[in-house]
**Q** 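Below are the structure tokens for one structure; questions will follow.
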There are 2 protein chains.
Amino acid sequence: MAIDPRSHTPVYVQLADILREQIEAGELAPGSALPSEARLTQEHGIGREAVRMSISLLRSEGLVNTVRGHGSYVREVPQRRQVELAPGASVVARMPSGGERRSMQLDEGVPILEVRGPEGNVEVLPGDEVELTRPPT
Amino acid sequence: MAIDPRSHTPVYVQLADILREQIEAGELAPGSALPSEARLTQEHGIGREAVRMSISLLRSEGLVNTVRGHGSYVREVPQRRQVELAPGASVVARMPSGGERRSMQLDEGVPILEVRGPEGNVEVLPGDEVELTRPPT
DNA sequence: ATTTATTTGTACGTATGTATC
DNA sequence: CGATACATACGTACAAATAAA
């Protein structure tokens, strides 16, 4: 359970594994706060940078969300609304640019869906709120 | 052009903006190498951490790809193969877990597409290589 | 095949800025 | 205002991967 600084797996990966396990086990429930950086630093006897890299890793996986000056929280499992893919349309997934992320108010680790309609019109959807569907015949 | 340490926009964001502009203008062509961390540090008069955060930001946007011990490179625009979404199927986009990223050999900043077939079968596709389509009526 | 130089990765410490409560 | 918490940014050092001599 304890972190081994001499292990070949980096300290920050070890801590991320511990936290991920606690999240998936429900010990850290959706919406609940992770321990602060200072606490994680002290309790695991590691530096602050390693702690921050751990949380950054979980953020990039879409598992947690960090609010500056407040804390890091386990992301709620998003409620997805169903969007029907129109006939003749196509869709690609990609990460948003910084500007797109801000304007769409997306958390880190959230991709976007870019839907091209048959007439060339493009629609950009938040990847964590949408489930694209094609109705049965 | 020069980086202003007293600006309210962080140094690493300023550098990322500069590099992103050079990428989108074609000065840094797809496949070409970015300047090394040491060069960027010296030429812009900033610390290595700021340089690394800049490149990390571009990586998370899927614009560059970093190879340890070698350098960072402008990502090639991916060739997407078209995959038809079956009738009755649905699809969501999300970021891969660390294990998924390794096993699918995905670069950072590449989402995945999770396709659920009508019979509940699930298929996981790399988001940078696939364009999902629904054929016209 | 060994070594050397280059480059990125990990990790620590320190200091200061800024947002939230 | 003060306390807490995360963000930015510098410096340092060593580890590890890569390529070239």
Side-chain angles (χ1 to χ4, degrees), chain A residues 2-19 28 31-60 63-75 98 101-102 105-109, chain B residues 2-19 28 31-61 63-75 98 101-102 105 107-109:
Chain A
I3 287 179
D4 177 14
R6 293 163 312 183
S7 167
H8 62 287
T9 59
V11 168
Y12 81 96
V13 175
Q14 294 182 53
L15 176 56
D17 289 344
I18 291 175
L19 293 173
L28 291 170
S32 68
L34 271 64
S36 72
E37 293 179 357
R39 283 191 67 92
L40 291 171
T41 297
Q42 292 163 9
E43 297 191 350
H44 293 93
I46 62 179
R48 190 187 170 199
E49 182 176 315
V51 170
R52 285 178 60 75
M53 289 175 75
S54 300
I55 297 176
S56 173
L57 185 55
L58 298 176
R59 251 200 318 266
S60 73
L63 286 179
V64 308
N65 182 28
T66 300
V67 181
R68 176 176 186 168
H70 195 186
S72 292
Y73 297 85
V74 182
R75 264 175 68 86
R101 235 184 33 125
R102 277 188 295 275
Q105 297 188 341
L106 298 176
D107 291 336
E108 262 188 69
Chain B
I3 287 179
D4 176 15
R6 294 163 309 182
S7 167
H8 63 287
T9 59
V11 169
Y12 80 94
V13 176
Q14 293 182 55
L15 177 56
D17 289 343
I18 291 174
L19 294 173
L28 291 171
S32 68
L34 270 64
S36 73
E37 293 178 358
R39 282 191 68 91
L40 291 171
T41 297
Q42 293 162 8
E43 298 192 349
H44 293 93
I46 62 180
R48 189 188 172 197
E49 182 176 316
V51 170
R52 285 178 61 74
M53 288 176 75
S54 300
I55 296 176
S56 172
L57 186 56
L58 298 176
R59 252 200 319 268
S60 73
E61 295 175 5
L63 287 179
V64 308
N65 181 28
T66 300
V67 181
R68 176 177 184 168
H70 196 187
S72 293
Y73 298 85
V74 181
R75 264 175 67 87
R101 244 201 31 192
R102 278 187 295 275
Q105 297 188 341
D107 292 336
E108 262 187 72

**Q** One pair to check against side chain to side chain contact (heavy atoms under 4.5 Å, CB included): Ile18(A) and Ile3(A). What are the steps and the verdict?
**A** CA-CA 9 Å; Ile18(A) 291 175; Ile3(A) 287 179; 4.1 Å; yes

**Q** Once you round it to whole Å, what is the distance between C1' of dC6(D) and OH of Tyr12(B)?
**A** 12 Å

**Q** Decide yes or no on side chain to side chain contact (heavy atoms under 4.5 Å, CB included) for Ser7(A) and Gln14(A), but give the supporting numbers first.
**A** CA-CA 9 Å; Ser7(A) 167; Gln14(A) 294 182 53; 3.5 Å; yes

**Q** Return the 5'-most residue of the pair Thr9(A), His8(B) with respect to DNA chain C, ranking by each residue's nearest nucleotide.
**A**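 On the 5' side of the pair lies Thr9(A).
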
**Q** Can you tell me how far C1' of dT8(D) sits from CZ of Arg6(B), to the nearest Å?
**A** 17 Å

**Q** Please tabulate the protein-to-nucleotide N/O contacts below 3.5 Å involving nucleotides 11-21 of chain D, giving atom names and distances.
**A**
residue: dA16(D); atom: O4'; partner: Arg68(B); partner atom: NH2; Å: 2.6

**Q** What heavy-atom pair brings Val11(B) and Pro5(B) nearest, and what distance separates the two atoms?
**A** CG2-CA, 4.0 Å

**Q** Nearest-Å distance, CG (Asp107(B)) to P (dT8(C))?
**A** 16 Å

**Q** Within the structure provided, determine whether Leu28(A) and Val64(A) are in side-chain contact (heavy-atom separation under 4.5 Å).
**A**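 No; the side chains remain at least 4.5 Å from each other.
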
**Q** Round to a whole Å and report the spacing from CZ of Arg52(A) to P of dT10(C).
**A**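 These atoms are roughly 16 Å apart.
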
**Q** Would you please name every residue forming a salt bridge (charged side-chain N to carboxylate O under 4.0 Å, His left out) with Arg6(B), sequence neighbours left out?
**A** Asp4(B)

**Q** Does the side chain to side chain contact (heavy atoms under 4.5 Å, CB included) test come out yes or no for Val51(B) and Ser54(B), once each step is laid out?
**A** CA-CA 5 Å; Val51(B) 170; Ser54(B) 300; 5.6 Å; no

**Q** In whole angstrom, what separates Tyr73(B)'s OH from dT7(C)'s P?
**A** 10 Å

**Q** Round to the nearest Å and state the distance from Glu37(B) atom CD to dT10(C) atom C1'.
**A** 12 Å

**Q** Taking all heavy atoms of Arg101(B) and all of Asp107(B), pick out the closest pair and write down the distance.
**A**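 Heavy atoms of Arg101(B) and Asp107(B) come nearest at CD-O, 4.1 Å.
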
**Q** Could you tell me the separation between the CG atom of Leu40(A) and the P atom of dA11(C), rounded to a whole number of Å?
**A** 15 Å

**Q** What is the pairing partner of dA1(C), taking Watson-Crick or G-U wobble pairs with both distances under 3.5 Å in any strand?
**A**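 Base partner found: none.
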
**Q** Whole angstroms only, please: what is the CE-P distance between Met53(B) and dC10(D)?
**A**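 In whole Å, dC10(D) P lies 10 Å from Met53(B) CE.
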
**Q** Of the candidate nucleotides dT10(C), dC12(C), dT8(C), which contains the atom at the shortest distance from the side chain of Ser36(B)?
**A** dT8(C)

